[in-house]
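Presented below is the structure to which this report refers.
Hydrogens, waters and symmetry mates play no part in the numbers below; they use all other heavy atoms, side chains included.
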Amino acid sequence: MSPETLFQIHLALGYLAWLLCFGAYIWPWLKSMDRVGAQRAIATLHSFRFFGLVFILPGVVGPNLPASFAPFAAYGDFATGLLALLALLTVRVRPLFWLFVVAFNLVGAADIIVDYYHAIQGGLPAVAGELGAAYVIPIVYVPLLMITHVVAFYWLVRWPGRQAVA
C-alpha cells in the first residue's frame, strides 16, 4: 500500500474512532456541564496546540516535509493554543472569555481547514513519513480538535436546552 493510501486510511479511521469515542463518552460529559464549563473543557484541550510548532522542529520532522504545509500548520496551531490559553485565563471576566472562545475556535478551525488544503496541495499524503514522530498529530489529535471546534460552534450558536426564540 502506498504511503498516501495509508495516510488517508489512518486519517479517516482517526475521525471515525474519535467520533465513536466522542459520542459515547465526551458528548454526554460535556452536555452535563454548564455552558462555561463545557467551553472551558474544550479550551483546555486546545490550549496544548502550541505543540504544533513541532512541524518546524528539525530532527522531529523530515527535511522533505512540504514547505507549504509546515509553517502554516505550526504557527496556526501556536496562535490557536495561545488564544485558548487566554480564554482559560479570562474565565472570570466573561466578556473576554467569550471573545477568546470565539477567537480560538475561528482561528483553530480555519487553521485545520487551511492545513488540509496545504497538505493536499503540497503532496503531504504521499510523503507522510516526513512527519516523523509528528505523524500522530494529524492522525490522532487533529480529528478530535476539529470535532470539538464543530461542537463549540454549535454551542456558541445554540446551547442545548435553551429555549428557541419565537
Side-chain angles (χ1 to χ4, degrees), residues 1-33 38-85 101-158 160:
M1 221 178 284
S2 73
E4 184 173 12
T5 301
L6 285 172
F7 183 78
Q8 291 169 347
I9 290 170
H10 284 156
L11 187 60
L13 291 177
Y15 270 95
L16 178 61
W18 273 120
L19 283 167
L20 292 170
C21 180
F22 196 88
Y25 302 106
I26 301 168
W27 179 256
W29 175 65
L30 288 173
K31 281 178 37 178
S32 73
M33 297 179 182
Q39 292 288 2
R40 270 179 88 181
I42 292 171
T44 300
L45 172 69
H46 288 268
S47 71
F48 288 91
R49 285 182 68 172
F50 63 85
F51 188 70
L53 288 172
V54 75
F55 289 127
I56 57 172
L57 185 60
V60 175
V61 296
N64 296 321
L65 191 63
S68 62
F69 168 78
F72 289 100
Y75 293 116
D77 274 350
F78 184 58
T80 302
L82 291 178
L83 290 167
L85 285 168
V101 165
V102 170
F104 92 75
N105 279 292
L106 287 172
V107 171
D111 171 55
I112 292 171
I113 292 166
V114 169
D115 291 346
Y116 279 139
Y117 173 79
H118 285 140
I120 292 165
Q121 292 300 313
L124 176 67
V127 294
E130 291 294 319
L131 287 165
Y135 186 88
V136 72
I137 294 172
I139 302 306
V140 176
Y141 192 39
V142 169
L144 180 60
L145 296 175
M146 190 54 136
I147 291 165
T148 56
H149 279 312
V150 170
V151 169
F153 285 132
Y154 173 76
W155 283 344
L156 283 167
V157 174
R158 183 180 178 277

TODO: State, yes or no, whether a side-chain contact exists between I139 and F7 at a heavy-atom distance under 4.5 Å.
DONE: yes
- [ ] Quick one: sort the F55 and F69 rings into parallel, tilted or perpendicular, breaks at 30° and 60°.
- [x] perpendicular
Open item on the list: Check this for me: F51, atom CZ, are more than 12 non-hydrogen atoms of other residues, nucleotides or ligands nearer than 6.0 Å?
Closed with: no
TODO: Rounded to the nearest 0.5 Å, what's the gap from NE2 on H46 to OG1 on T80? Could you check?
DONE: 8.5 Å
- [ ] Compare every heavy atom of G123 with every heavy atom of P66, then report the nearest pair and how far apart it is.
- [x] CG-C, 4.5 Å
Open item on the list: For a side chain to side chain contact (heavy atoms under 4.5 Å, CB included) check, start with the C-alpha distance between F72 and D111, then their side-chain angles and the critical distance, and finish with the verdict.
Closed with: CA-CA 8 Å; F72 289 100; D111 171 55; 5.6 Å; no
Task: Residue pairs involving residues 14-26 (criterion side-chain hydrogen bond (donor to acceptor under 3.5 Å, both in side chains); sequence neighbours excluded) - done: Y15-Y116
TODO: May I ask you to test the L57-L53 pair for a side-chain heavy-atom distance under 4.5 Å?
DONE: no
Open item on the list: Quick check for you: to the nearest 0.5 Å, what is the distance between L144 atom CG and L45 atom CG?
Closed with: 5.0 Å
Open item on the list: What I'd like to find out is whether the side chain of V107 reaches to under 4.5 Å of the side chain of L83, using heavy atoms alone.
Closed with: yes
- [ ] Give every residue pair that meets the side-chain hydrogen bond (donor to acceptor under 3.5 Å, both in side chains) criterion with at least one member in residues 129-143, sequence neighbours excluded.
- [x] H10-Y135
Open item on the list: Using 0.5 Å steps for rounding, measure from the CD atom of E4 to the CD1 atom of I120.
Closed with: 9.5 Å
Task: For the student: nearest non-hydrogen atoms of A67 and P71, plus distance - done: O-CD, 3.0 Å
TODO: Evaluate the side-chain proximity of I137 to L131: yes if any heavy-atom separation is below 4.5 Å, no if none is.
DONE: no
Task: Non-hydrogen side-chain atoms of T148 and I26 separated by less than 4.5 Å - done: no
Task: Closest non-hydrogen atom pair between A126 and P3, with its separation - done: O-CB, 3.6 Å
Open item on the list: Once rounded to the nearest 0.5 Å, what's the spacing between atom CG of D77 and atom CG of L82?
Closed with: 11.0 Å
TODO: Mind checking the CD1-CZ spacing from I42 to F104? Nearest 0.5 Å is all I need.
DONE: 6.5 Å
Open item on the list: If you compare all heavy atoms of L30 against all heavy atoms of A41, which two are closest, and at what distance to 0.1 Å?
Closed with: CD2-CB, 3.8 Å
Open item on the list: Restricting to non-hydrogen atoms, name the atom on A119 and the atom on P125 that form the minimum distance, rounded to 0.1 Å.
Closed with: O-CD, 3.5 Å
Open item on the list: Please give me the minimum heavy-atom distance between V61 and A134, naming the atom from each residue.
Closed with: CG1-CB, 3.9 Å
Task: L124 side chain reached by L65 side chain, heavy atoms, under 4.5 Å - done: yes
